[in-house]
Structure formats: C-alpha cells, structure tokens
Protein chains: 2
Amino acid sequence: MADGRVERGNQTRRTVLARTVELASTEGLEGLSLGRIAGDLGLSKSGVFALFGSKEELQIATVRAAAAVFAAQVVQPVHEQPAGVGKVWRLCELWIAYSACRTFPGGCFFRSAAAEFGSRPGPVRDRVAAARAEWTQYVEQQLHDAGRAGAFREDAEPVAVPQLAFEIIALMELADSESVLHDDPAPYERAGRGILGRLRALAAAPDELPEQPTAVSPPG
Amino acid sequence: MADGRVERGNQTRRTVLARTVELASTEGLEGLSLGRIAGDLGLSKSGVFALFGSKEELQIATVRAAAAVFAAQVVQPVHEQPAGVGKVWRLCELWIAYSACRTFPGGCFFRSAAAEFGSRPGPVRDRVAAARAEWTQYVEQQLHDAGRAGAFREDAEPVAVPQLAFEIIALMELADSESVLHDDPAPYERAGRGILGRLRALAAAPDELPEQPTAVSPPG
DNA sequence: CCTACCGATCGGTAGG
DNA sequence: CCTACCGATCGGTAGG
C-alpha cells in the first residue's frame with residue numbers, strides 16, 4: 001500500500017511522456033516505438049507497455065501531455081489579463097514564442113499531429129481534433145469577450161468572430177510550418193504583421209497595439 | 001533493345017507512383033512500404049525496389065509525381081489568363097477545388113509532406129521544401145504581375161507582395177487541414193472570404209471580384 | 001489479489 | 001521484374 005509503487009509508476013509515466021511529446025513532434029505519433037522509448041530511458045519495453053496498455057493509448061496520452069504543455073505556455077499566462085484586443089495580441093505573441101522557441105522540436109505539436117492523423121479515423125484523430133477545436137473555441141471566446149468589452153470599432157461591420165479566429169490561427173500555423181521547414185524565423189514576422197493588421201483595422205483603440213511585431217530570434 | 005522492357009518499366013513506375021501519391025497523403029511518405037505497394041499491385045517487393053533503388057528514392061519520386069498532379073490541376077488552367085486580381089482569385093479557386101475534391105485523399109499533399117518531413121533533414125525534406133518554395137514564388141509572381149498590370153489601388157500603401165502571398169497561402173492551407181480533420185467543407189468558405197476580403201481591399205476594380213466565394217461541395 | 005517491471009519470445013514485416 | 005533469403009526490429013504477451 002504505502003511502498004511507493006504507484007507513485008513510482010506515475011513518475012515513470014511522466015518521464016516517458018516527456019520524451020514522447022518531443023519524439024512525436026519530429027517523427028510523428030506513429031513513429032513512436034515502445035522499444036526505442038524504453039531504450040532511451042533505460043527501461044524495458046514491456047515495462048513501458050505495461051504503463052500504457054497499447055501503443056494507441058501511449059499516443060493518446062502523448063496528445064494529452066502535449067496539451068498540458070501548450071496550456072501552460074500559451075493559455076495560462078494570459079489567464080488574469082482583462083479582455084480586449086491587447087489580450088488577443090498577447091495570446092498570439094505567446095503562441096509565436098511557443099512555436100519559435102521550439103517547445104516541441106518539430107514545431108507546433110497539434111499542427112504536426114493534425115497532419116499525421118487528420119485522415120486516419122480513430123481515437124487518436126478524435127483526440128487531436130478535440131484539442132484543436134478547444135483551442136479554436138478559446139481564441140473565439142477571447143475575441144467575443146473583447147467585443148463585449150467594447151474593443152472593436154462600431155462604425156465598421158460587426159466583427160465575424162469565427163472568421164477572424166480562423167484567419168489568426170491560419171497565419172500562426174503557416175509561420176510554424178514554414179519556419180520549421182526552412183529553419184527560418186522570418187515567417188513569424190509575416191504572421192505577426194498579418195495579425196496586427198487585422199486587429200488594428202478593427203480595434204476601437206488601435207494605438208494600444210504595436211505597429212509591428214517584435215522580432216523573433218532564430219530557432220534552435 | 002526494342003523488346004519494350006524499358007517502356008514496360010516506365011509504365012510500372014507510373015502505376016506505382018499513382019498509388020504512392022494516394023497512400024502517402026494519408027499514411028505519410030514514411031508509411032510507404034515496398035512490400036505493401038507490391039502486394040497491392042500484384043508485384044514482388046524486390047521488383048518495386050528495383051524500379052526505384054531505395055525507399056528514399058521512392059519517396060522523392062512520389063513528391064515529384066504529386067507536384068506534376070498539382071501543376072496540372074492548379075497552375076496549368078490559369079496559364080493563358082491575363083495577369084490581374086482575377087487571375088489570382090481564379091488560382092485560389094483552383095487550389096480550393098484541388099483540396100476540396102480530394103485530389104489526394106488526405107488533403108494537400110505538400111501540407112502533409114511538409115508536416116511529416118519538415119524537421120527531418122535529408123533529400124526528401126529538401127524536395128518538399130523546394131516544391132513549396134516554387135509554389136510560393138509562383139503566387140508572388142502572379143501578385144507582382146497583377147501590380148504591374150495596374151490591378152491594385154494606388155491611393156493605398158504599395159502592396160507587400162510576399163506578405164500578401166503568405167496570408168493567402170495560410171488561409172488555404174488551414175482550410176485544407178481543418179476540412180480533412182473534421183470532414184467539413186466550411187473552412188473553405190472561411191478561406192475564400194478571407195482571401196476575397198484582402199484582394200477586394202487592395203484591388204483597383206474590386207467589382208471584378210465576387211463578394212463571396214462560391215460554395216464548396218462536401219468532400220468525399 | 002495488486003502494481004511495476006524483468007528477460008525472453010510470439011507471429012509478422014521492414015528495407016535491402 | 002522474380003524467388004529466396006539476411007539482420008533487425010515491430011507491437012504485444014508469456015511466465016515469474
């Protein structure tokens with residue numbers, strides 16, 4: 001009972017998942033191998049297997065672990081900030097930093113995972129789709145709250161929140177993809193400029209936003 | 001010499017590549033298996049191997065074959081159209097149709113391939129990066145030519161061509177990704193609206209562009 | 001009975 | 001293009 005075996009198991013689980021989120025971002029969730037992970041961490045293959053039950057469960061646990069990292073790095077820091085375009089822009093800056101600093105060595109975990117499992121029905125795809133839908137809804141909620149707080153101009157058309165969220169996410173994800181593919185930080189500036197252009201055009205107080213995104217240091 | 005063996009080999013090569021471009025778009029370039037392809041096509045594993053020399057060469061040949069499909073479906077149809085925002089928008093419509101009709105069952109081949117090989121240095125990544133760079137340069141060229149033809153307003157800031165190309169490509173690629181992941185055509189309308197919004201804001205004759213994108217039929 | 005592993009091995013398949 | 005194989009490794013499971 002109190003011999004610590006359960007706690008040791010939980011610790012080993014965390015150790016395994018810390019490694020699989022890294023591996024999966026570069027080699028894919030399907031590229032995870034129980035034997036290789038075990039070898040890397042000095043465990044037996046069957047020991048790793050016993051902790052998760054199947055490779056598929058390991059993949060799903062890896063997606064959940066990546067979501068926790070993302071939440072801590074992108075969502076949590078803005079938690080207490082008042083709603084507004086400033087909060088939306090801060091969220092975008094945090095996303096760009098999350099991508100540019102290679103939190104996951106292969107770039108955004110959820111862009112990679114969506115590309116890998118997007119056309120493979122099953123529980124892994126469903127988990128990835130749910131994680132992405134939650135993020136989209138979170139961005140939409142921030143835009144909605146900003147609108148309710150009077151952050152958008154009233155002399156223009158009402159802001160189409162899902163459209164604007166789609167455009168912001170598109171710019172950030174292409175920056176992530178191109179930056180990884182070409183080892184180049186320049187796409188982050190493009191994404192930042194595009195997002196600021198949209199937000200400044202709609203903001204009631206555009207001067208509260210910078211004219212240009214701050215420079216992003218090279219990856220790696 | 002003239003016994004037709006070379007021609008038969010080329011035909012078999014085309015048959016194999018027609019299959020691998022489909023498979024790779026859903027299961028990845030790394031997921032290609034010489035044995036599986038051979039079995040699917042009633043060939044021997046070593047026969048397929050002999051045609052390409054290595055799995056890596058098969059992957060590169062698959063990327064080249066996909067590029068030919070893309071060029072025929074998206075680039076070739078606008079070849080003789082005069083430069084202008086109308087040509088740019090037509091190119092975007094063709095891209096959206098290329099994605100929405102599932103030319104490749106897993107969505108845009110080059111988005112999938114970039115996600116899979118973006119952080120794996122080597123000849124396959126280089127070939128994927130080159131194909132994407134060519135597409136980006138082609139879009140930029142069309143925007144540049146439109147500007148030279150007087151298609152953009154002169155009372156606004158000069159159009160930043162690479163920035164605009166980045167934004168257009170970002171919207172199309174997120175539509176592709178989300179449509180595949182959620183089996184939903186709605187993202188294509190978002191992408192089309194976003195692109196038209198940008199083009200109409202910059203166009204000297206915005207009335208030559210539609211106000212809304214035409215509806216896209218569901219995938220599959 | 002439980003867990004968290006171990007060394008060994010299952011039936012199949014990988015690239016070559 | 002074929003049959004016939006190789007060293008290795010795959011995900012998963014056996015008894016202890």
Worksheet item: How would you label the contact of A/Leu32 with the nucleic acid (heavy atoms, under 4.0 Å): base, sugar-phosphate, or nothing?
Response: sugar-phosphate
Discussion item. For a quick check of understanding: with a heavy-atom distance under 4.0 Å over all strands, which category does A/Leu58 fall into, base, sugar-phosphate or nothing?
Written reply: nothing
Check nucleotides 9-13 of chain C against the protein and report each pair of N or O atoms closer than 3.5 Å, with its distance, or say if there are none.
none

Practice prompt. Under the ring pair (Phe, Tyr, Trp, His ring centres under 6.0 Å) rule, collect the residues that match up with B/Phe109, sequence neighbours excluded.
Written response: B/Phe104
Worksheet item: So does A/Glu167 pair up with B/Arg198, basic N to acidic O under 4.0 Å?
Response: no
Discussion item. Whether A/Arg190 and A/Glu178 form a salt bridge (side-chain N of Lys/Arg under 4.0 Å from carboxylate O of Asp/Glu) is what I want to check.
Written reply: no
Expressed in angstrom and rounded to an integer, what is the separation of [X] atom [atom1] from [N] atom [atom2]?
X	N	atom1	atom2	answer
B/Leu41	D/dC2	CG	P	11 Å
A/Arg36	D/dA8	CZ	P	18 Å
B/Leu51	C/dG16	CG	P	15 Å
A/Phe52	C/dT3	CZ	P	15 Å

Give me the distance, rounded to whole Å, that separates [N] from [M] when you measure between the [atom1] atoms they each carry.
N	M	atom1	result
C/dG11	D/dT9	C1'	13 Å
D/dA8	C/dG12	P	22 Å
C/dC5	D/dG15	C1'	13 Å

Worksheet item: OP1 or OP2 of D/dT3 sitting under 4.0 Å from any side-chain N/O of B/Ser46?
Response: no
Practice prompt. Start with the C-alpha gap between A/Leu58 and A/Phe49, add the side-chain angles, then the distance that decides, and say whether side-chain contact (heavy atoms from CB on, under 4.5 Å) holds.
Written response: CA-CA 8 Å; A/Leu58 173 63; A/Phe49 181 82; over 6 Å; no
Fill in: Residue pair A/Ala83 / A/Ala149: nearest heavy atoms and the distance that separates them
O-CB, 4.2 Å
Worksheet item: Given D/dC1, C/dC5, C/dG16, which nucleotide is nearest the side-chain atoms of B/Phe49?
Response: C/dG16
Practice prompt. Output yes when a side-chain donor or acceptor of B/Glu140 lies under 3.5 Å from a complementary backbone atom of B/Ala165, and no otherwise.
Written response: no
Worksheet item: Does a sphere of radius 6.0 Å around CZ in A/Arg14 hold more than 12 heavy atoms from other residues, nucleotides or ligands, not counting ones at 6.0 Å or beyond?
Response: yes
